[in-house]
Protein chains: 2
Amino acid sequence: MNSARREATRQKLYEAAVTLIAEQGFSSTTVDEIAERAGVAKGTVYYNFASKNDLFEELLRHGVGLLTASLREASEGAVASGGSNVDALDAMIRAGLEFIARYPSFTQLYVAELWRTNRAWQSTLMMVRQEAVAVVEKVLGAAVDAGELSDEIDVPLTASALFGMVLVAALDWQAFQPARSIDDVHAALSRLLQGRVGGPRV
Amino acid sequence: MNSARREATRQKLYEAAVTLIAEQGFSSTTVDEIAERAGVAKGTVYYNFASKNDLFEELLRHGVGLLTASLREASEGAVASGGSNVDALDAMIRAGLEFIARYPSFTQLYVAELWRTNRAWQSTLMMVRQEAVAVVEKVLGAAVDAGELSDEIDVPLTASALFGMVLVAALDWQAFQPARSIDDVHAALSRLLQGRVGGPRV
DNA sequence: ACTTTTAGACTGACCAGTCAGTTCAAAGAA
DNA sequence: TTCTTTGAACTGACTGGTCAGTCTAAAAGT
């Protein structure tokens with residue numbers, strides 16, 4: 001069981017697949033392309049994954065797992081160092097931006113597939129999405145309970161909105177003004193979160 | 001000459017294509033399927049459009065055209081009836097939600113393709129996106145000039161963020177809690193825009 | 001008269017998945 | 001050390017199916 005070797009191969013396949021699928025979409029990316037980019041024979045793909053679909057599902061699980069961990073860590077870090085729940089939200093925005101900057105392809109691919117219906121990996125995607133969103137909802141709920149945020153807010157909807165705000169702003173940043181610093185982008189989003197856009201002027 | 005008959009056929013093809021592509025993606029939707037769903041012979045597709053790609057590009061132009069018109073109308077309506085620029089933004093959020101509720105498939109498909117690189121219709125997509133975003137940016141800019149919004153905000157980035165907020169919240173609404181009323185969703189997003197989430201408590 | 005649509009057979013390219021055969025690396029044998 | 005064995009990992013030509021796009025002659029619409 002040379003599973004270190006195998007693991008390295010799988011990793012190469014993930015990396016090859018993620019960029020190709022982000023660029024072209026799942027269906028128009030061929031297994032031959034993935035194998036070639038990974039520097040591996042086609043058969044190896046099928047030795048390591050049951051099917052093209054399966055490769056993709058495992059890729060999704062793998063990627064969202066990284067995101068969830070990173071969000072959770074950011075939130076816990078903020079709280080541990082004496083921050084409020086709003087600080088935790090802010091830290092999660094930061095972590096989200098960092099994740100997207102680091103794995104732009106994965107993010108593209110995730111967004112492209114998230115709301116598609118009738119696809120084989122639909123249920124996997126929903127599961128994995130729920131895990132990520134739950135992290136945000138939890139902090140949002142805690143902030144409301146602690147009186148930091150208005151108790152009129154709709155937690156799940158606001159979590160979605162925040163998620164979308166970060167997602168779209170970050171993808172646009174990467175696509176259209178990649179030169180800007182992450183601090184810049186973070187500041188703009190923070191401002192929105194903290195109500196300093198449409199709120200009373202300071 | 002674009003006869004009325006021809007236009008009706010094209011319309012049927014758009015409608016068939018948009019749902020199929022939203023569900024399955026562009027590449028895994030076949031021209032035969034589109035023709036069948038539209039109740040039209042395959043040859044008719046090629047009589048009306050140069051290729052599958054061309055059909056899709058025209059579909060994108062058509063759809064984003066509707067969105068842009070609707071945003072512009074909402075914004076102008078708000079201003080004409082004596083509203084502030086922030087009211088105009090709010091009206092545009094509403095219009096965005098209505099658009100997504102009415103054309104969920106188009107929205108899915110748009111999001112799925114927006115950040116993809118290396119696709120034939122990439123430039124078309126960028127162009128139409130820019131038109132839509134410009135409408136939001138214009139109002140945002142006017143609001144800053146009028147002193148309604150902090151002049152520290154980054155207009156393009158905030159426009160993206162707002163766009164993303166509406167987009168993701170609406171898609172999640174449609175996908176996971178379709179029973180909720182549009183007013184409900186609108187209220188939650190308004191609150192975020194107006195800074196009543198993270199801002200000072202009332 | 002002229003435009004548009006029909007029905008569907010056909011072609012050539014493309015591609016997911018298979019499988020018989022080859023290579024690798026580790027563990028033991030000499 | 002050097003040789004042999006073993007099973008896991010990998011290879012790539014091949015197969016069977018799918019699909020964009022073409023083409024026809026005839027019908028229907030305006």
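Treat the numbers as computed from the prediction; the structure is a model and nothing was measured. Letters A, B, ... mirror the listed sequences (proteins, then strands); counts begin at 1.
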Reckon A/T9 has a side-chain N or O less than 4.0 Å from the OP1 or OP2 of D/dC10?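 Looking at the OP1 and OP2 atoms of D/dC10, one of them is under 4.0 Å from a side-chain N or O of A/T9.
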
OP1 or OP2 of C/dT4 sitting under 4.0 Å from any side-chain N/O of B/R5?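 For B/R5, the contact criterion (side-chain N or O under 4.0 Å from OP1 or OP2 of C/dT4) is not met.
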
Residues forming a side-chain contact (heavy atoms from CB on, under 4.5 Å) with A/N53, sequence neighbours excluded: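 Counting only residues at least two positions away or on another chain, A/N53 forms a side-chain contact (heavy atoms from CB on, under 4.5 Å) with A/F26, A/S51, A/A120, A/W121.
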
Output the rounded distance in Å from [atom1] ([X]) to [atom2] ([N]).
| X | N | atom1 | atom2 | value |
| --- | --- | --- | --- | --- |
| B/L13 | C/dT4 | CG | P | 14 Å |
| A/R6 | C/dA25 | CZ | P | 16 Å |
| B/R10 | C/dT3 | CZ | C1' | 15 Å |
| B/E7 | C/dT3 | CD | P | 18 Å |
| A/D32 | C/dC14 | CG | P | 12 Å |

Contacts of type side-chain hydrogen bond (donor to acceptor under 3.5 Å, both in side chains), residue B/Q11, not counting sequence neighbours: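 With sequence neighbours excluded, B/Q11 shows a side-chain hydrogen bond (donor to acceptor under 3.5 Å, both in side chains) to B/E15, given in chain and number order.
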
With A/Q174 via side-chain hydrogen bond (donor to acceptor under 3.5 Å, both in side chains) - residues at least two apart: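 Result, side-chain hydrogen bond (donor to acceptor under 3.5 Å, both in side chains) vs A/Q174: none returned.
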
Once you apply a heavy-atom cut-off of 4.0 Å, does A/T29 come out as touching a base, just sugar-phosphate, or nothing?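 Sugar-phosphate, no base atom in range.
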
So, using salt bridge (charged side-chain N to carboxylate O under 4.0 Å, His left out) as the criterion, who are the partners of B/D145 when residues are at least two apart?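 Residues passing salt bridge (charged side-chain N to carboxylate O under 4.0 Å, His left out) with B/D145: none at all.
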
Among residues at least two apart in sequence or on other chains, which ones pass salt bridge (charged side-chain N to carboxylate O under 4.0 Å, His left out) with A/R72?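 A/R72 satisfies salt bridge (charged side-chain N to carboxylate O under 4.0 Å, His left out) with no other residue.
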
Looking at A/D184, A/V166, A/D90, which hits side chain to side chain contact (heavy atoms under 4.5 Å, CB included) with A/L189?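 Testing each of A/D184, A/V166, A/D90 against A/L189, the sole residue satisfying side chain to side chain contact (heavy atoms under 4.5 Å, CB included) is A/V166.
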
For residues 36-54 of chain A, which residues have at least one heavy atom under 4.0 Å from DNA chain C?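 Heavy-atom contacts with DNA chain C come from A/K42, A/Y46, A/S51, A/K52.
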
